[in-house]
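Report on the structure given below.
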Amino acid sequence: MVAVAIVRARDLFAAAMLFAIYSLLSAALFAVLDAGDVALTEAAVGAGISTILLLAVLALARRHEYPIDGHNVLALVVVTVTGAALIYATLDMPEFGGADNPAQVHVGPYYVEESYPDMGVPNMVAAVLASYRSIDTLGEAFVILTAGLAVFALLSHKPRRRKRRRRHLKHKVREHRHHRRNHEEESSS
Amino acid sequence: MRANGILRVIARFLIPLIMLFGLYIQFHGEYSPGGGFQAGIVFAAGWILFVLIYGLETALKVIPERAMYVLMVAGVILYCAVGVAGVMLGGHFLDFYPLLPGEHAAQQFGIITVEFGVGVTVATVVMLVFTLFARRKSEWKAAQVEDEHP
């Protein structure tokens, strides 16, 4: 229901708030499913920080979405076909929560049984993230660093300079057109 | 918002608690849910609350922007350094067993150090991103004013 409200909202501030509610609801869902680490992450990142960042972006942008007239039939067809294919694909998935699912018989049992004797760390998730699969986590840390550097690269320079350069460019384009017109006149006469 | 007394008093109570909770998640992550990512985000959230109440300039006096650049790289370097230390002491990359004599002690030392590196990186990156967005508005306005009255 919240997702439908998000799609239908044209007021971007309301949409940001609805996103926060959606994150909080999924955090509650994860907590109900006993996934404490994921619930904590969803509540802190999804409901907290990304809402703040969306509001920071909204402070720079307009509050309302531009209205779009008419319907894009091709897009509707593509979305419907893709959705139907995805639903068809779920028929092949193993039964939810079944004991012989691939997730339950591959490395899962090893982590469940051996992580405490191996590490002496009661929280299995921490043992898997930081020790068994620590190179994955190193990659994630690099992703975060790259994200920070990308935002820095995009937002660190002052906007004034860019404006002046654009005006300069416009001036150049005008000059160029002027020159070309003169040239054409000369060649035609 | 600076003049709002109620918000200031409540924030003065809440911010230390949020930061303490962040540190708890960081260093208790092996026993209860949590770890570097979550701790970094919670810590940064406390700092962002400080920014909203007291203003960006005051907050940047507490943690200067230059420190953020240094710390966000230092976290990743700390992570890599633990991995390279394992290689130096005769193991594989990110192998924690050679670090300390006891097996469990070595693993716990490795996990805590690595998670601390992740926590520092995440916290400073979030703070930096928020700082850049928050400063953009004032810069923009200043540029517009300068355009109209050069």
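Each chain gets a letter, A, B and so on, in the order its sequence line appears, and its residues count up from 1. Note: hydrogens, waters and symmetry copies are ignored here, and every other heavy atom, side chains too, is used. As the structure is a computational prediction, the values presented were derived from the model and not from experiment.
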Check: residues 50-61 of chain A side-chain donor-acceptor pairs under 3.5 Å, at least two apart:
unit_1, atom_1, unit_2, atom_2, d
A/S50, OG, A/V45, O, 2.9
A/S50, OG, A/G46, O, 2.7
A/T51, OG1, A/A47, O, 2.7

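Neither the backbone nor the side chain of B/V82 comes within contact range of chain A; no heavy atoms are under 4.5 Å apart. Within the 4.5 angstrom heavy-atom criterion, only side-chain atoms of B/F96, from C-beta onward, approach chain A. Residue contact with chain A, scored on non-hydrogen atoms closer than 4.5 Å, involves the backbone and the side chain of B/L132 alike. With a 4.5 angstrom heavy-atom cutoff, B/A134 does not touch chain A via any of its atoms. Looking at B/I25, the atoms closer than 4.5 Å to chain A (heavy atoms on both sides) all sit in the side chain, from C-beta outward. Residue contact with chain A, scored on non-hydrogen atoms closer than 4.5 Å, involves the backbone and the side chain of B/V122 alike.
Note on B/V76: it clusters hydrophobically with B/I111, by side-chain heavy-atom contacts below 4.5 Å among ILVMFWY residues. Linking ILVMFWY residues whenever their side-chain heavy atoms come closer than 4.5 Å, directly or via other members, leaves B/L49 and A/L24 in distinct clusters. Transitive grouping of hydrophobic side chains (ILVMFWY, heavy atoms separated by less than 4.5 Å) brings B/I63 and B/L60 into a common cluster. Residues B/M127 and B/V51 are members of one and the same hydrophobic cluster, defined by side-chain heavy-atom contacts under 4.5 angstrom among Ile, Leu, Val, Met, Phe, Trp and Tyr. Both B/F43 and B/L52 are members of a single hydrophobic cluster when ILVMFWY side chains are connected at heavy-atom separations under 4.5 Å.
Taking CD of B/Q38 as the start and CG of A/L40 as the end, the distance is 5.0 Å to the nearest 0.5 Å.
Using a 4.5 Å cut-off on side-chain heavy atoms (C-beta onward), A/F142 and B/T121 make no contact. By the 4.5 Å heavy-atom criterion applied to side chains, B/F93 and A/S134 are not counted as neighbours. A/F152 is listed as a side-chain neighbour of B/Y69, based on a closest heavy-atom distance under 4.5 Å.
Looking at every heavy atom in both residues, A/L155 comes nearest to B/R136 through O-NH1, 3.5 Å. Residue B/V42 comes nearest to A/A44 through the heavy atom pair CG2-CB, 4.3 Å, listed as atom of the first residue, atom of the second, then distance. Scanning all heavy atoms of the two residues, the minimum distance from A/A141 to B/V118 falls at CB-CG2, 4.4 Å.
By number of non-hydrogen pairs under 4.5 angstrom with chain B, the leading residue of A/I135, A/I49, A/L138, A/L154 is A/L138. With chain A as the partner, the residue from B/V126, B/T131, B/V125, B/T124 showing the most heavy-atom pairs under 4.5 Å is B/V125.
Under a cut-off of 6.0 angstrom, the local environment of CZ in B/F27 is crowded, with over 12 non-hydrogen atoms contributed by other residues, nucleotides or ligands. With a 6.0 Å radius and a threshold of 12 heavy atoms from other residues, nucleotides or ligands, A/Y22 has its OH atom at or below the threshold. Counting heavy-atom neighbours within 6.0 Å of A/F19 CZ, excluding the residue itself, gives a total of 12 or less. Around atom NE2 of B/H104, more than 12 heavy atoms belonging to other residues, nucleotides or ligands sit under 6.0 Å away.
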- Item | Check against side chain to side chain contact (heavy atoms under 4.5 Å, CB included), A/L145 and B/V73 | CA-CA 7 Å; A/L145 178 67; B/V73 180; 4.3 Å; yes
- Item | Derivation and outcome, side chain to side chain contact (heavy atoms under 4.5 Å, CB included), residues A/I144 and B/F37 | CA-CA 10 Å; A/I144 303 268; B/F37 280 97; 3.9 Å; yes
